[in-house]
Amino acid sequence: MLSEFDLIKHYFVRPVPGRATLGIGDDCALLAPAPGMQTAISSDMLVEGRHFFAGEDAQRLGHKSLAVNLSDLAAMGARPVAFTLALALPGADRAWLEGFARGLFALADAHGCELIGGDTTKGPLNICITVLGEVAPGRALRRDAAQAGDEVWVSGTLGDARLALAGYRGEVALAPDAQAAAGTRMHTPTPRVALGLLLAERGLARAAIDVSDGLVGDLGHILERSGVGATLDADALPAGPVLAGQPRALRRAFTAAGGDDYELCFTAPAAARAAILEAAAACGTPVTRIGRIDAAPGLRWTDAHGAPLALELSSFDHFTQ
Ligand code: ADP
Ligand code: MG
């Protein structure tokens with residue numbers, strides 16, 4: 001039988017110490033801040049039955065629970081430094097812990113982000129990670145900084161995670177390989193850390209957010225906090241490769257109001273266009289211009305020809321097919 005402390009030592013203490021002055025094992029970790037930098041902090045919790053299905057693969061869960069946190073650092077333009085892990089587990093299942101740690105540390109190591117502490121308790125499966133990152137003062141990409149005339153951009157593609165969910169729920173019929181491909185987007189999202197860093201360090205973007213609850217809702221946070229509105233081209237929204245083969249109504253609905261995308265939506269002055277494309281190419285993350293910020297509040301839609309579209313956002317939220 002694995003004790004709480006054996007479990008932590010065996011699965012979560014790494015042989016090679018990282019940047020922390022003092023890592024796992026004391027009452028607190030000690031971390032020396034980089035001189036002159038601000039600390040960016042964010043937490044995200046994943047609850048079984050709410051954020052993931054019961055019985056979800058442990059390795060994918062390890063990846064996703066850190067990925068959604070790194071995505072918040074990316075949206076702020078902060079460089080990942082360290083994280084803590086609070087874990088409620090129904091039992092000490094070695095195979096589960098091995099898989100979880102594998103998925104977690106593969107992503108952590110890819111971003112040089114060190115596990116410096118946490119808490120472990122028995123209970124219904126619940127994973128809460130707090131990430132710490134660093135960003136130069138004045139460089140963070142905030143939600144309240146969009147300005148009328150800015151262009152609106154989104155990274156990568158949208159909607160495949162939502163399409164996978166629709167497939168699992170039987171709302172759409174997907175061939176097994178399409179279901180698997182879309183499922184990969186849902187289970188193993190890619191946090192856009194390198195893009196967020198370049199946008200912040202080069203001073204290219206004004207406002208940014210990561211798309212976790214769907215583009216319309218998340219961009220809505222930027223609009224509200226910045227006191228502006230936007231006009232988006234419904235047909236410019238980049239659909240994921242699986243969603244791209246679906247009918248237009250579904251494409252529009254799931255790109256605009258999908259969820260679980262973990263792409264970056266950001267605004268930037270038109271003069272930054274070429275530099276943004278250069279930054280995107282430098283980090284291998286495609287970006288697409290999808291509209292512009294207006295002084296008038298609210299969100300408006302056009303088609304590819306600029307003709308106004310009356311899209312019912314509420315129908316996106318309750319979309320079933
Ligand atoms: P305390 O009783 O002071 O809260 P714990 O006994 O819970 O400390 O934890 C002992 C050490 O192990 C601490 O350094 C804590 O940060 C670390 N720790 C506990 N659970 C985890 C975990 N799931 N991942 C990483 N570190 C952990
Ligand atoms: Mg504790």
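All values below come from the heavy atoms of this structure, side chains included, with hydrogens, waters and symmetry mates left out.
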Practice task
For the pair D303 and R252, find out whether any cationic side-chain nitrogen is under 4.0 Å from an anionic carboxylate oxygen.
Solution key: no
Problem - Sub-4.5 Å side-chain heavy-atom contact between T255 and V154 - result: no
Practice task
Without swapping roles, check the side chain of K64 against the backbone of M186 for a donor-acceptor pair under 3.5 Å.
Solution key: yes
Practice task
Could you tell me whether R142 atom CZ has more than 12 heavy atoms of other residues or ligands within 6.0 Å of it?
Solution key: no
Handout entry: ILVMFWY cluster, I222 and L264 together (side-chain gap under 4.5 Å)
Key = no
Exercise for the section: Using a 4.5 Å cut-off on heavy atoms from C-beta on, say whether the side chain of L73 contacts that of V193. Expected result: no
Handout entry: V68 side chain reached by D260 side chain, heavy atoms, under 4.5 Å
Key = no
Handout entry: Pair listing, ring-ring contact (aromatic ring centres under 6.0 Å, His included) test, anchored in residues 169-188, at least two apart
Key = Y168-H187
Practice task
Give the minimum heavy-atom separation between I290 and P238, together with the two atoms involved.
Solution key: CG2-CD, 4.1 Å
Practice task
Flag the pair H111 / L70 as yes when at least one side-chain heavy-atom distance between them is below 4.5 Å, and no otherwise.
Solution key: yes
Practice task
Report yes or no: do F53 and L125 belong to one cluster of Ile/Leu/Val/Met/Phe/Trp/Tyr joined by side chain heavy-atom distances under 4.5 Å?
Solution key: no
Handout entry: Main-chain N/O of G159 paired to D261 side chain as donor or acceptor, under 3.5 Å
Key = yes
Exercise for the section: State, to 0.1 Å, how close A272 and L204 come at their nearest heavy-atom pair, and which atoms those are. Expected result: CB-O, 3.9 Å
Exercise for the section: Give the cluster check for L195 versus L237: same hydrophobic cluster or not, with ILVMFWY residues linked at side-chain heavy-atom distances below 4.5 Å. Expected result: no
Exercise for the section: Verify, without hydrogens or angle tests, whether R251 (side chain) and Q246 (backbone) share a donor-acceptor contact under 3.5 angstrom. Expected result: yes
Problem - ring-ring contact (aromatic ring centres under 6.0 Å, His included) partners of F100, counting only residues at least two apart - result: W96
Practice task
Find out whether Y11 and T120 are in side-chain contact, i.e. whether some heavy atom of one side chain is under 4.5 Å from a heavy atom of the other.
Solution key: no
Practice task
Please indicate whether M45 has more than 12 foreign heavy atoms, meaning atoms of other residues, nucleotides or ligands, lying under 6.0 Å from its CE.
Solution key: no
Exercise for the section: For L141 and G196, work out which heavy atoms get closest and say how close. Expected result: CD1-O, 3.9 Å
Completion exercise
The reported gap from SG in C113 to CG in N69 (rounded to nearest 0.5 angstrom) is 9.0 Å
Handout entry: Nearest-0.5 Å distance that lies between atom CG in D218 and atom CG in L223
Key = 11.0 Å
Exercise for the section: Report yes or no: does D160 contribute a side-chain atom to a donor-acceptor pair with the main-chain N or O of V242 at less than 3.5 Å? Expected result: yes
Problem - Residues R19, V81; criterion side-chain contact (heavy atoms from CB on, under 4.5 Å); working and verdict - result: CA-CA 8 Å; R19 195 183 121 174; V81 172; 3.9 Å; yes
Exercise for the section: Check for a donor-acceptor pair, side chain of D26 on one end and backbone N or O of C28 on the other, with a separation under 3.5 Å. Expected result: no
Handout entry: F105 CZ to L115 CG distance, which is reported to the nearest 0.5 Å
Key = 5.0 Å
Exercise for the section: May I ask you to check whether S226 and R206 show a side-chain donor-acceptor distance below 3.5 Å? Expected result: no
Fill in the blank from the handout: So CZ of F266 and CD1 of I209: to nearest 0.5 Å the spacing works out to 13.5 Å
Problem - Note, I116 side chain near T84 side chain (heavy atom, < 4.5 Å) - result: yes
Problem - Co-membership, hydrophobic cluster, residues V211 and W153, 4.5 Å side-chain - result: no
Exercise for the section: Would you confirm whether D57, through its side chain, and Q59, through its main-chain N or O, come within 3.5 Å as a donor-acceptor pair? Expected result: yes
Problem - Closest contact, heavy atoms only, P137 versus G36 - result: CD-O, 3.1 Å
Exercise for the section: Decide yes or no for P80 and V131: does some side-chain heavy atom of the first lie under 4.5 Å from some side-chain heavy atom of the second? Expected result: no
Problem - Backbone N/O of T267 and side chain of E151: donor-acceptor pair under 3.5 Å - result: no
Exercise for the section: Please round to the nearest 0.5 Å and tell me the distance separating atom CG of L163 and atom CZ of R185. Expected result: 11.5 Å
Fill in the blank from the handout: Sorted by chain and number, sequence neighbours left out, side-chain hydrogen bond (donor to acceptor under 3.5 Å, both in side chains) with E201 holds for R79
Exercise for the section: Begin with the C-alpha distance, continue with both residues' side-chain angles, and end with the deciding distance and a verdict on side-chain contact (heavy atoms from CB on, under 4.5 Å) for T302 and L309. Expected result: CA-CA 5 Å; T302 68; L309 277 181; 5.7 Å; no
Handout entry: Nearest atoms (heavy-atom pairs only) where P191 meets S71
Key = CB-N, 3.7 Å
Exercise for the section: List the steps and the verdict of side-chain contact (heavy atoms from CB on, under 4.5 Å) for I41 and T130. Expected result: CA-CA 7 Å; I41 306 173; T130 298; 3.8 Å; yes
Handout entry: Inter-residue atom distance L311.CG - L232.CG, 0.5 Å rounding
Key = 10.0 Å
Practice task
Is it possible for you to say whether V228 and W301 belong to one hydrophobic cluster, with membership spreading through side-chain heavy-atom contacts below 4.5 Å?
Solution key: yes
Exercise for the section: Take E56 and L46, measure what side-chain contact (heavy atoms from CB on, under 4.5 Å) needs, and give me the verdict at the end. Expected result: CA-CA 12 Å; E56 171 60 39; L46 268 70; over 6 Å; no
Practice task
Mark yes or no for whether E114, through its side chain, and A20, through its backbone, hold a donor-acceptor pair below 3.5 Å.
Solution key: yes
Practice task
Using modelled atom types only, decide if a donor and an acceptor are shared between the side chain of H63 and the backbone of P189 within a distance under 3.5 Å.
Solution key: yes
Practice task
Could you tell me whether the side chain of R14 reaches within less than 4.5 Å of the side chain of D109, counting heavy atoms only?
Solution key: yes
Exercise for the section: Taking all non-hydrogen atoms of both residues into account, name the closest pair between A161 and G259 and its distance. Expected result: CB-O, 3.7 Å
